[in-house]
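Reminder, nothing fancy here: chain letters follow the sequence lines and each chain counts from 1.
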Amino acid sequence: MTVKPSTKFFLDHADDLKKVTALQLIPERFEWEKESVSDLSPGRVEQEIVCRQIHSPLYYNPEKRELTPSAFDDTGNKGFSVDRTVYATRDEIIDRGTSRADEYNALNVGKPGRTLIGLAHLETLDVRAHVCESGLQAFGIYDTARPDNLSHADICLIGANSKKERHRARAHLFEKVQFELIQTNSMPE
Amino acid sequence: MSLTTAAIMLVSFMLPPVPTKTRNWLTASDKVVPFEGEDGNSTTDESFIQSTVRPPTITQMTTQHFDVLSVRFVSAQAQLDRYSSLEDGWDGEGAFAPSKEVIATAKHLLRCLPAGISLPSPMISATGEVGFYWNNATGFADISIEDADTFSLFTKQKVGEKREAFYEGIVVTPASVATIKEYLAPLGRV
């Protein structure tokens, strides 16, 4: 059975910390965004609400009660992992996030512990609405479903890779995000 | 004298002289602290701060005379110190620790910020990049420390013409950092 190039790409780069850098070199990346890229996925990401688990308190500004713009920088390197709320309930997302933190803590005894501190909600319509100064769509949202998480998707900065566009991109997501604080007992001082 | 008070007094010595404290030092989120006037009466009336502006002297400084900006400055510096203690993998997903040079540049930039703009909030990304940002109803701006000596600045109006601007490769010197005030001016009070 022939594997689609998009499917192969995302399988090959599943754990690549520079996945988006590689994706930006693919001329077909905009077309890929319009189709499903995973055989496990229920389908391409349409107009939905996606949800990002936030574990690091360093991405949260307690004085302003908001995420920092830098919390969105993964869109430009390894991909901004989110859950599609159409295919995962809030409780499932929280359970998954809590389990990830627990697994990390079990493997990293002695290091500062991780905990799920909040959920960042974005509407895919808002994400895709951001346009680079060149006129290209800035973000692609790919349905990168995983065996243990069929609702997984990645938001990737595919329109440009300049410093200015990275600033513009994260400012856009920073403005559009709705942040839901879950944990309050592990905030930085 | 407590260690905290001593630290605040030391920082106040390090800050450039403030001949006047104008209203736009304060942001919407700042709390107005009690200020003891020469008549011994204290007040939290913000208009009092507007109309009776003079720099605090050593003899006037007590544990009650917290300079809001000094406290926030110390807080921002402390956050940068936290960043400097990070190790690779600090976010549990392969994040990079910031370099000592970048932290030092960030601290230097903070010290060079001119009077008349509010202190920004520090931030860090998984790439190890350190920066600052301002955000309110009228505008957004963020700074990225690019390397040991330079930074870039992005600004975005949220109202009116919604103009954006980007400046990069700015060397961190008191003179160049002072231009931040000019770049932020179109955003209103950030």
Min side-chain heavy-atom separation Ile182(A)-Leu119(A) under 4.5 Å
yes
Beyond-backbone contact of Thr124(A) with Asp126(A), side-chain heavy atoms, under 4.5 angstrom
no
Of all of Glu66(A), His55(A), Glu175(A), Arg168(A), which one pairs up most often with chain B through heavy atoms under 4.5 Å apart?
Arg168(A)
Would Asp143(A) and Ser38(A) count as having a side-chain donor-acceptor pair, cut-off 3.5 Å?
no
Report yes or no: do Asn149(A) and His152(A) form a side-chain donor-acceptor pair below 3.5 Å?
no
Between Lys4(A) and Asp39(A) (salt bridge meaning N to carboxylate O under 4.0 Å), is one present in this structure?
no
What residues of [range] sit under 4.5 Å from chain A when only non-hydrogen atoms are counted?
range: residues 84-95 of chain B; result: Leu86(B), Gly89(B), Trp90(B), Asp91(B), Gly92(B), Glu93(B), Gly94(B)
range: residues 103-110 of chain B; result: none
range: residues 163-175 of chain B; result: Glu164(B), Phe166(B), Glu168(B)

Would you call the rings of Phe174(A) and Phe140(B) parallel, tilted or perpendicular if under 30° counts as parallel and over 60° as perpendicular?
tilted
Are Val177(A) and Ile49(A) co-members of a hydrophobic cluster defined by side-chain heavy atoms under 4.5 Å apart?
no
Other hydrophobic cluster members with Ile26(A), side-chain heavy atoms of Ile/Leu/Val/Met/Phe/Trp/Tyr under 4.5 Å, chained?
Phe9(A), Phe10(A), Leu23(A), Phe30(A), Trp32(A), Val37(A), Leu136(A), Tyr142(A), Ile158(A)
Find the distance between [atom1] ([X]) and [atom2] ([Y]) and round it off to the nearest 0.5 Å.
X: Lys163(A); Y: His167(A); atom1: NZ; atom2: NE2; value: 8.0 Å
X: Glu133(A); Y: Lys164(A); atom1: CD; atom2: NZ; value: 3.5 Å
X: Arg114(A); Y: Glu103(A); atom1: CZ; atom2: CD; value: 10.5 Å

Between [X] and chain B, with a heavy-atom cut-off of 4.5 Å, which part of the residue counts as in contact: side chain, backbone, both or neither?
X: Ser56(A); value: side chain
X: Phe72(A); value: neither
X: Ile54(A); value: neither
X: Arg166(A); value: neither

Out of the candidates Thr155(B), Ile117(B), Leu119(B), only one should pair with Trp134(B) under the side chain to side chain contact (heavy atoms under 4.5 Å, CB included) rule; please name it.
Ile117(B)
Looking at [X], I'd like to know if its [atom1] atom is crowded, meaning that more than 12 non-hydrogen atoms belonging to other residues, nucleotides or ligands lie closer than 6.0 Å.
X: Glu31(A); atom1: CD; result: yes
X: Asp15(A); atom1: CG; result: no
X: Lys8(A); atom1: NZ; result: no
X: Lys34(A); atom1: NZ; result: yes

Using non-hydrogen atoms and a 4.5 Å limit, figure out which bit of Thr127(B) sits close to chain A: side chain, backbone, both or neither.
side chain
Checked Gly131(B), Ala78(B), Ser121(B), Ser125(B) vs chain A; the most non-hydrogen pairs under 4.5 Å come from Ser125(B)
